[in-house]
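So you know, we letter chains A, B, ... as the sequences are listed, proteins then strands, and number each from 1.
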Amino acid sequence: MHNASSVSREDMLLIENFLYQEAQYLDDGDLENWMSLYSEDGVYWMPASPDQTCPLTEISILYEDKLLMDIRRRNLGHPLAPSMEYPVRGSRILGNVHLAADQPGGDAIRIASKFHAQLYYREEVTHFAGRYSHDLVREENSFKIVHKRVDLINADGVQRNLLIYI
Amino acid sequence: MHNASSVSREDMLLIENFLYQEAQYLDDGDLENWMSLYSEDGVYWMPASPDQTCPLTEISILYEDKLLMDIRRRNLGHPLAPSMEYPVRGSRILGNVHLAADQPGGDAIRIASKFHAQLYYREEVTHFAGRYSHDLVREENSFKIVHKRVDLINADGVQRNLLIYI
Amino acid sequence: MHNASSVSREDMLLIENFLYQEAQYLDDGDLENWMSLYSEDGVYWMPASPDQTCPLTEISILYEDKLLMDIRRRNLGHPLAPSMEYPVRGSRILGNVHLAADQPGGDAIRIASKFHAQLYYREEVTHFAGRYSHDLVREENSFKIVHKRVDLINADGVQRNLLIYI
Amino acid sequence: MADLNEMTKLVEENRVHKSVYLEPEIFDLEMDHIWGKAWVFVGHDSQIPKTGDFYTTEIGRSPVVMVRAKDGEVHVLHNRCGHKGAKVAGKKCGNTAGFRCPYHGWSYKLDGSLIGVPNRKGYSDTGFDIKDPQFSMTKVASVANVRGFVFASLSADVPSIEDFLGDTIRTINNVADRAPEGEIEIVGSPLRYEHDCNWKMFVENLNDSMHPMVAHASVGSAAKSYLADQPEGTVYPREAEIIFPFGSSYEFFDKMGVTALKYGHSYMGGQASIHTGYSDIPGYMEAMEASYGTERTKEILSQNRHNTIIYPSFTLKDAIQAMRVVRPISVDKTIIETWHFRLKGAPEEMLKRTITYSRLINSNASMVGPDDWDCYRRMHEGLTSSSAEWVDMRRGLGEDAEPVDGGGERSFGTSDISFRNQYRVWAKYMKTGAENA
Amino acid sequence: MADLNEMTKLVEENRVHKSVYLEPEIFDLEMDHIWGKAWVFVGHDSQIPKTGDFYTTEIGRSPVVMVRAKDGEVHVLHNRCGHKGAKVAGKKCGNTAGFRCPYHGWSYKLDGSLIGVPNRKGYSDTGFDIKDPQFSMTKVASVANVRGFVFASLSADVPSIEDFLGDTIRTINNVADRAPEGEIEIVGSPLRYEHDCNWKMFVENLNDSMHPMVAHASVGSAAKSYLADQPEGTVYPREAEIIFPFGSSYEFFDKMGVTALKYGHSYMGGQASIHTGYSDIPGYMEAMEASYGTERTKEILSQNRHNTIIYPSFTLKDAIQAMRVVRPISVDKTIIETWHFRLKGAPEEMLKRTITYSRLINSNASMVGPDDWDCYRRMHEGLTSSSAEWVDMRRGLGEDAEPVDGGGERSFGTSDISFRNQYRVWAKYMKTGAENA
Amino acid sequence: MADLNEMTKLVEENRVHKSVYLEPEIFDLEMDHIWGKAWVFVGHDSQIPKTGDFYTTEIGRSPVVMVRAKDGEVHVLHNRCGHKGAKVAGKKCGNTAGFRCPYHGWSYKLDGSLIGVPNRKGYSDTGFDIKDPQFSMTKVASVANVRGFVFASLSADVPSIEDFLGDTIRTINNVADRAPEGEIEIVGSPLRYEHDCNWKMFVENLNDSMHPMVAHASVGSAAKSYLADQPEGTVYPREAEIIFPFGSSYEFFDKMGVTALKYGHSYMGGQASIHTGYSDIPGYMEAMEASYGTERTKEILSQNRHNTIIYPSFTLKDAIQAMRVVRPISVDKTIIETWHFRLKGAPEEMLKRTITYSRLINSNASMVGPDDWDCYRRMHEGLTSSSAEWVDMRRGLGEDAEPVDGGGERSFGTSDISFRNQYRVWAKYMKTGAENA
Ligand code: FES
Ligand code: FES
Ligand code: FES
Ligand SMILES: [Fe+3]
Ligand SMILES: [Fe+3]
Ligand SMILES: [Fe+3]
């Protein structure tokens with residue numbers, strides 16, 4: 001069980017750069033390398049309402065394991081997909097990165113941060129904002145994501161097309 | 001009187017986390033804890049024009065001491081307020097945090113930063129951007145805010161509803 | 001040729017503050033001081049398409065050396081310019097600052113970052129987002145910018161007036 | 001445009017005029033003549049189980065609130081204050097002892113009747129009567145509750161709900177019968193997905209079985225290529241079971257058939273649908289047979305309809321516990337809400353499969369929904385062309401559709417018959433309203 | 001819609017048709033028939049104290065510039081270049097020796113007359129005459145300056161400003177008389193607050209005293225609960241003095257009364273207003289009596305009007321040094337500007353109280369303004385309902401309003417009489433324009 | 001508004017009515033009567049060098065695709081699927097073996113003819129004919145290729161391209177002749193710059209030589225002040241060479257002259273333009289003379305036209321290798337695309353100068369473009385004024401323009417003759433379409 005003191009400043013810097021790397025892969029649409037940051041049982045979750053507790057019995061915008069990540073990787077930019085005839089370009093900014101108050105327990109560290117993302121698609125820029133919550137486990141001299149939760153401020157609001165992870 | 005050298009890297013990190021904490025409380029609409037970050041004579045100021053010098057003899061968008069903060073805390077989400085029937089959800093990002101060039105003098109440190117905030121309210125996301133200026137005094141091993149100034153880039157522009165501090 | 005290890009944490013902090021300073025000068029419309037951050041042969045480039053390789057034989061949104069920076073400095077806010085009768089106010093946030101994977105070679109360090117900028121002009125806020133790439137050379141105990149590349153996510157999209165560097 | 005007789009000229013036997021998708025004036029007329037006349041889906045009463053529970057939505061452009069009154073009855077009220085017309089309930093849903101307008105404090109009972117007028121003496125000798133309906137939150141003209149599915153019409157002059165639903169009621173019943181306890185229950189908040197298209201493009205698409213194997217080919221091939229890369233004997237994941245049927249052959253869909261019904265309704269399949277192949281979920285059959293016995297259970301599960309359309313506002317499937325609600329916003333904006341429900345008495349696994357299905361198919365971030373979105377949007381982009389005035393819908397006109405017992409006409413699955421049926425009814429509505437549609 | 005005779009049908013004795021708030025065509029007509037005919041508030045001449053000072057704004061949809069000319073006279077000019085029509089002055093305010101259009105450089109004197117045309121020979125033998133008004137920045141047809149308050153009308157065919165203002169001039173005079181030096185002075189830039197509603201909803205609300213104790217109840221109760229938690233004998237803060245009156249009783253407001261005047265104007269109170277209870281500010285009485293003597297001072301301070309409405313564009317109070325300007329943008333967008341001023345010769349403390357008041361009540365971030373905003377918005381949301389066509393305004397119709405000296409009719413404070421008065425005038429304007437309104 | 005006879009009333013000899021810039025209905029009519037009738041620039045065939053290369057754009061509101069077919073021929077097709085009208089090609093440009101609609105998979109040859117209809121048997125006995133043009137991606141009615149510049153008209157009833165272009169063809173030829181190989185080649189993607197103005201304001205401005213020395217004065221003075229601060233004998237930078245001519249005197253522009261042509265076209269200069277003073281680029285003359293010989297080279301380079309307008313959609317210069325395309329979006333939105341090209345066989349330095357020029361003048365971030373933008377926007381802001389109905393264009397009416405060989409009338413450079421010419425033609429188009437314009 002982690003607390004602020006148990007994560008060294010060096011580790012926080014490593015973690016920040018690790019999160020920047022993840023954002024960079026998504027900005028570049030490089031899902032192959034992006035997936036490699038997730039552990040085998042890693043999961044990406046974007047709830048469809050604030051404070052949603054269960055991804056299995058309530059609908060989410062996204063809830064994907066590596067199986068679906070891999071299918072999505074193969075689908076991204078697919079020549080047969082009408083929606084994929086247009087590029088998606090992104091710029092994600094993370095801020096306020098800090099050790100989360102609520103820790104998952106076990107050997108995972110939960111890092112909370114705020115994000116603003118802008119995606120350009122079909123001549124239109126869409127804004128996304130909210131809170132990231134990354135559960136990380138140490139691996140060699142880096143980390144793996146076992147769980148990433150993305151809480152949009154408008155999770156239960158009207159949504160537009162989303163073709164890649166935020 | 002402070003200058004860059006007089007604030008240690010350790011303190012800057014503490015300060016950054018302190019500011020992130022403040023943003024987090026506002027994102028969560030937790031005004032009770034948010035107020036606790038302000039000193040007894042702490043003040044929050046959002047001018048209605050750039051370079052406004054006096055909050056008393058010129059109109060501001062917000063200029064509140066702890067008295068008004070406390071009334072606002074009690075009003076937030078009040079069942080009798082038409083405007084409060086809808087949640088406000090926010091994501092505030094601070095960037096470019098640095099020791100301000102102009103220091104207030106006395107034992108306060110002025111920290112300047114940039115912010116982008118998005119608030120979701122009534123099915124609509126509103127963007128706010130500008131500059132924060134926090135005057136902080138050390139208290140035990142943390143800080144208190146004695147003065148926070150929020151300069152919107154459109155301070156003198158047309159404003160929409162604002163139901164919580166930025 | 002630089003790699004992550006070759007830039008000390010102290011330097012990264014100096015660099016971050018250097019980049020914040022640049023953003024601050026632009027937010028303030030202070031082109032005189034902004035220019036002083038560029039080396040004599042310093043260049044600012046905003047391509048008109050993603051992956052544009054040549055600024056000379058393909059059109060760019062901006063490609064300016066110190067000559068043009070200086071003319072622009074003198075033009076900014078010029079009383080004879082119809083477009084300059086209105087102020088431009090900005091808030092630029094940099095995030096994900098890190099040593100770029102691709103290094104320019106020589107004694108320059110390439111720092112990559114993400115930016116979100118909002119400019120208020122003519123009663124309207126315009127959003128800009130994308131990736132910064134700064135090539136820096138050390139000078140005394142600071143740095144100079146020899147090359148700054150600004151890749152907008154919508155570089156090849158429809159553009160609106162832009163009266164100052166992003 | 002505003003001339004109603006013009007409307008019928010926009011629909012011919014084998015095509016419709018592009019203006020039905022593009023003209024704001026026509027959209028305005030639809031709001032009155034279709035959405036103001038037809039029975040429109042409002043919600044499911046399991047959203048408001050307790051007294052005072054309410055849910056707010058719109059019928060066309062009219063804000064309404066569905067509320068559970070003391071007597072347990074479900075009311076659908078106009079969400080408009082009888083004083084100066086402010087919208088009374090602002091929340092999506094909640095629970096209250098009664099309604100109170102936040103502007104001047106007029107208060108209403110859960111059935112919408114006005115009970116409180118502050119400082120009332122100001123109305124003496126003005127002809128004001130607290131009982132006068134004009135001052136209440138009036139009840140929506142027609143309301144019906146079918147197995148918990150609440151439909152309402154802004155018009156009093158409507159066919160009976162039984163006549164209106166016709167054979168689609170068998171889909172509704174089947175959906176509920178599939179619950180061992182014979183009841184369903186809405187779970188969680190919906191997906192709300194904004195489409196930059198006219199509402200009718202979405203409705204047509206529901207029974208358009210010429211598009212899945214083309215517009216949704218990519219996700220299927222991505223899944224196949226993924227599986228191809230897996231080691232021998234990898235267990236076939238549920239996701240594949242959900243994704244692959246979208247790549248079913250034309251023959252498969254043609255055999256499934258499509259049935260066009262009165263009032264613009266239609267459904268695909270009957271005995272078989274793209275969901276027929278789903279693997280059984282442990283414990284479900286047992287629970288069903290315990291409730292219904294073997295015979296009835298077989299009977300219930302033998303019905304397999306894919307996308308029953310209850311025109312213009314609603315669609316559901318038998319085999320998947322999700323329903324979609326059409327919310328027209330403007331001539332080129334439509335919000336599609338997807339709601340999910342539990343089959344009471346069934347294993348939670350059923351709900352989980354539905355949730356997985358809907359995330360993979362209906363979510364704005366799925367690998368299916370955005371491709372449909374894109375096709376609708378392309379229609380808007382293409383129809384602005386000066387090169388053509390009409391949209392063709394002749395497919396299947398060459399074959400005689402055979403009558404189906406329970407009503408309607410059945411044709412091969414990839415026929416345009418459901419489109420033609422929708423527009424025949426559309427033209428009638430636009431000319432005269434529901435009664436003779 | 002465009003048929004003017006239709007307009008009068010939208011207003012009945014005890015109600016108005018919802019289309020007056022919702023129809024873009026009606027808004028367009030209002031721009032011509034009301035905002036193009038009535039006297040509209042432009043600004044206060046203390047905004048432009050020095051020669052060459054200018055301030056730009058709009059009258060309806062016409063950009064204008066208020067400018068101080070050499071002779072010290074205040075002109076209101078159409079902010080439109082006589083050449084190709086470009087807006088000449090772009091800034092909100094500034095100082096200049098003359099106006100120069102930045103497109104082709106035509107230049108104008110501060111009174112709008114054209115004095116410079118570059119490369120002029122190109123106009124020889126074209127009938128061009130530099131004196132021809134069509135080439136100048138023409139003066140707005142009617143302009144009047146009342147104690148520094150500048151009103152203008154786009155129409156030449158208007159009643160005299162005295163006739164137009166009628167008894168509201170006593171509010172203007174009182175506002176200025178409350179300055180020991182008899183003059184006020186605008187301070188700082190205004191609050192500019194965007195409302196997603198029709199401008200008339202805001203104007204009605206100004207004399208709607210049925211709403212404060214309901215729509216603004218929360219901030220009062222929050223303040224009370226705060227005070228309850230304070231130790232014994234905590235000094236009663238000024239903020240409470242400002243907030244609590246919004247919770248005043250119906251009786252209080254009824255006693256205050258409301259007076260409806262010619263041309264749609266009205267005001268509440270007279271002897272008493274919600275500001276009557278304000279504590280005195282040290283030094284103010286002394287300054288007043290030094291200027292006016294005891295008698296006259298008492299007389300001045302005895303007038304207490306709350307929200308005098310000068311229809312359609314302007315409202316001010318006697319006791320608070322703030323004025324609000326109505327800026328209609330579209331049928332459902334209205335910008336409200338709140339300006340603040342100093343009473344020349346009064347203690348700075350007076351200004352500070354006004355600033356505090358306005359921040360607490362008028363700011364877009366206050367705990368009062370957003371609740372009004374929400375009520376207007378809810379009216380838009382509710383009025384789209386197909387369930388009703390009319391908005392009721394019968395309150396007080398049962399009592400005979402008594403005539404007031406100085407003109408107008410007075411009724412109890414919570415009567416709808418000011419609304420009815422506004423719409424009676426609205427209908428006249430829409431039919432014929434100001435002259436016979 | 002929709003009455004076409006009204007249109008001619010909006011244009012008088014020396015002025016036009018402001019509604020031509022402000023009225024959405026008029027914009028809609030323009031889309032049909034001008035952009036639907038005139039020859040409109042589509043693209044340059046060097047954008048699609050190889051078989052299967054395509055480029056998508058719009059003619060007015062019609063999406064089209066310019067494509068290189070097997071035979072090397074360039075087709076301009078309606079980018080609309082013959083099935084249900086979806087836009088087929090979504091990319092800005094690309095290469096393909098044929099077109100395939102992503103909705104239901106209908107496929108087309110590069111000439112637009114339909115070749116694939118999945119599950120086709122559903123169309124048996126429906127009168128469906130794969131050869132029927134209504135099911136194809138139809139060819140745009142009129143297409144012409146002039147030295148690689150592709151023009152098209154949505155109407156078949158058009159004048160010949162030669163008749164239409166008239167003397168502007170000499171600009172096109174000169175632009176290509178300036179390439180030693182006699183051919184140009186588009187380089188890179190364009191600048192796309194959104195203007196909040198009516199498209200006609202931009203078109204007028206192209207030959208408005210009363211504005212540069214005023215609207216663009218600031219950048220020139222900034223450059224001068226910069227140079228003044230440089231040490232003696234600083235080399236005169238190319239940027240100055242580009243910027244300074246915008247400050248040229250009225251006399252200079254008057255001497256340059258402006259020539260108005262049939263169909264609304266016009267150009268400035270002839271022998272001299274603001275680009276005449278450009279320094280030579282090493283190697284260019286040699287390359288030209290090697291190709292053309294001295295005489296012909298001199299002849300080619302002696303032609304100097306500044307901003308030839310091919311009304312309504314296109315403008316180019318002789319001496320700068322950039323062309324601008326007008327894309328009207330709505331009554332107050334216009335996208336200006338600037339494309340750049342290489343003179344085949346010329347030193348790369350020529351291209352570099354053009355790129356520098358365009359960045360300094362045409363970019364949305366230049367110190368020139370935003371000032372033009374601002375002037376157009378100010379016209380919109382000013383024209384809403386109720387104080388005037390007309391926009392004056394009388395300048396130069398006093399002088400008799402003399403006929404020019406090659407057609408058209410020439411007047412002094414700062415005359416409004418090109419505006420008057422544009423609106424004379426505008427009125428004809430609006431009344432009747434191109435044939436008699
Ligand atoms: S509008 Fe509802 S109480 Fe007045
Ligand atoms: S438009 Fe003002 S000078 Fe031409
Ligand atoms: S719309 Fe193109 S194939 Fe159906
Ligand atoms: Fe589909
Ligand atoms: Fe109020
Ligand atoms: Fe120009």
Side-chain angles (χ1 to χ4, degrees), chain D residues 13-18 21-22 197 200-201 204-205 208-218 249-254 258 371-400 411-417 419-420, chain F residues 2 24 28 31-33 35-37 56 58-65 76-90 100-107 112 116-129 132-141 153-156:
Chain D
E13 189 200 14
N14 60 8
R15 59 184 193 172
V16 300
H17 192 270
K18 67 184 186 181
Y21 302 107
L22 303 180
C197 71
K200 299 187 293 298
M201 292 178 184
E204 287 173 42
N205 181 265
D208 175 345
S209 59
M210 280 300 292
H211 90 280
M213 63 293 290
V214 175
H216 304 306
S218 69
S249 69
Y250 294 110
E251 296 59 37
F252 178 86
F253 281 106
D254 277 336
V258 58
D371 289 317
D372 290 315
W373 192 103
D374 201 72
C375 293
Y376 312 146
R377 189 63 207 155
R378 283 171 186 260
M379 279 185 69
H380 273 275
E381 292 166 340
L383 293 178
T384 60
S385 173
S386 64
S387 63
E389 292 295 305
W390 296 88
V391 173
D392 190 78
M393 297 181 176
R394 75 180 61 211
R395 188 175 175 84
L397 253 187
E399 307 217 349
D400 307 334
S411 185
F412 58 97
T414 66
S415 167
D416 290 345
I417 189 173
F419 311 160
R420 292 190 293 269
Chain F
D28 291 341
M31 289 300 100
D32 296 340
H33 286 260
W35 295 82
K37 300 282 186 71
T56 62
E58 281 89 38
I59 299 177
R61 286 165 169 171
S62 289
V64 299
V65 54
V76 180
L77 309 174
H78 286 288
N79 192 2
R80 177 195 183 280
C81 180
H83 178 217
K84 293 187 78 173
K87 183 175 170 181
V88 176
R100 177 171 177 280
C101 180
Y103 198 170
H104 310 93
W106 284 27
S107 53
V117 176
N119 195 19
R120 182 158 164 195
K121 63 178 186 319
Y123 284 108
S124 42
D125 311 322
T126 63
F128 174 82
D129 174 2
D132 182 340
Q134 76 165 290
F135 299 116
S136 70
M137 288 171 72
T138 52
K139 293 199 174 73
V140 170
S153 173
L154 299 175
S155 165

So what's closer than 4.5 Å to chain D heavy atoms on V64(F): side chain, backbone, both or neither?
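Contact with chain D: none, neither part.
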Leading residue by heavy atom contact count with chain F [cutoff under 4.5 Å; candidates A215(D), P212(D), C375(D)]:
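The option with the most such pairs is C375(D).
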A side-chain contact here means heavy atoms from C-beta on lying under 4.5 Å apart; do N119(F) and M210(D) qualify?
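When only atoms from C-beta onward are counted, M210(D) and N119(F) do touch, with a gap below 4.5 Å.
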Identify which part of H104(F) has an atom lying under 4.5 Å from any heavy atom of chain D, answering side chain, backbone, both or neither.
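Interface part for H104(F): both.
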If we only count heavy atoms from C-beta on, is the M201(D) to K84(F) side-chain gap below 4.5 Å?
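Heavy-atom side-chain distance check fails, nothing below 4.5 Å.
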Under 4.5 Å from any heavy atom of chain D - which part of C81(F):
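It is neither, since no heavy atom gets under 4.5 Å.
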State, with a plain yes or no, whether a side-chain heavy atom of S387(D) is found less than 4.5 Å away from one of S62(F).
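No, side chains not in contact.
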Who wins among D374(D), D416(D), D371(D), D254(D) for the most heavy-atom pairs under 4.5 Å with chain F?
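Heavy-atom pair counts peak at D254(D).
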Residue pair T56(F) / N79(F), side-chain donor-acceptor N/O under 3.5 Å:
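There is no such pair between these side chains.
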When heavy-atom pairs shorter than 4.5 Å are enumerated against chain F, which of D372(D), T384(D), T414(D) gives the highest number?
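With the most close heavy-atom pairs to chain F, the winner is T384(D).
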Just so I understand: if I count every heavy-atom pair under 4.5 Å between each of R395(D), M379(D), H211(D) and chain F, which residue has the most?
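The option with the most such pairs is R395(D).
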With only heavy atoms counted, which part of E58(F) is less than 4.5 Å from chain D, the side chain, the backbone, both or neither?
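For E58(F), no heavy atom lies under 4.5 Å from chain D.
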Going by the rule side chain to side chain contact (heavy atoms under 4.5 Å, CB included), which residues pair with T126(F) if we only count those two or more places apart in sequence or in a different chain?
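T126(F) satisfies side chain to side chain contact (heavy atoms under 4.5 Å, CB included) with R394(D), L397(D), Y123(F), F128(F) once adjacent residues are dropped.
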So what's closer than 4.5 Å to chain F heavy atoms on F419(D): side chain, backbone, both or neither?
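Answer is side chain: those atoms of F419(D) sit under 4.5 Å from chain F.
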Partners of F412(D) by ring-ring contact (aromatic ring centres under 6.0 Å, His included), sequence neighbours excluded?
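If we apply the ring-ring contact (aromatic ring centres under 6.0 Å, His included) test to F412(D), skipping adjacent residues, there are no hits.
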Taking P118(F), G105(F), P102(F) one by one, which has the highest count of heavy-atom pairs under 4.5 Å against chain D?
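If we count pairs closer than 4.5 Å to chain D, P102(F) comes out on top.
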Flag side-chain contact, heavy atom, 4.5 Å: H380(D) against C197(D)
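A side-chain contact under 4.5 Å exists here.
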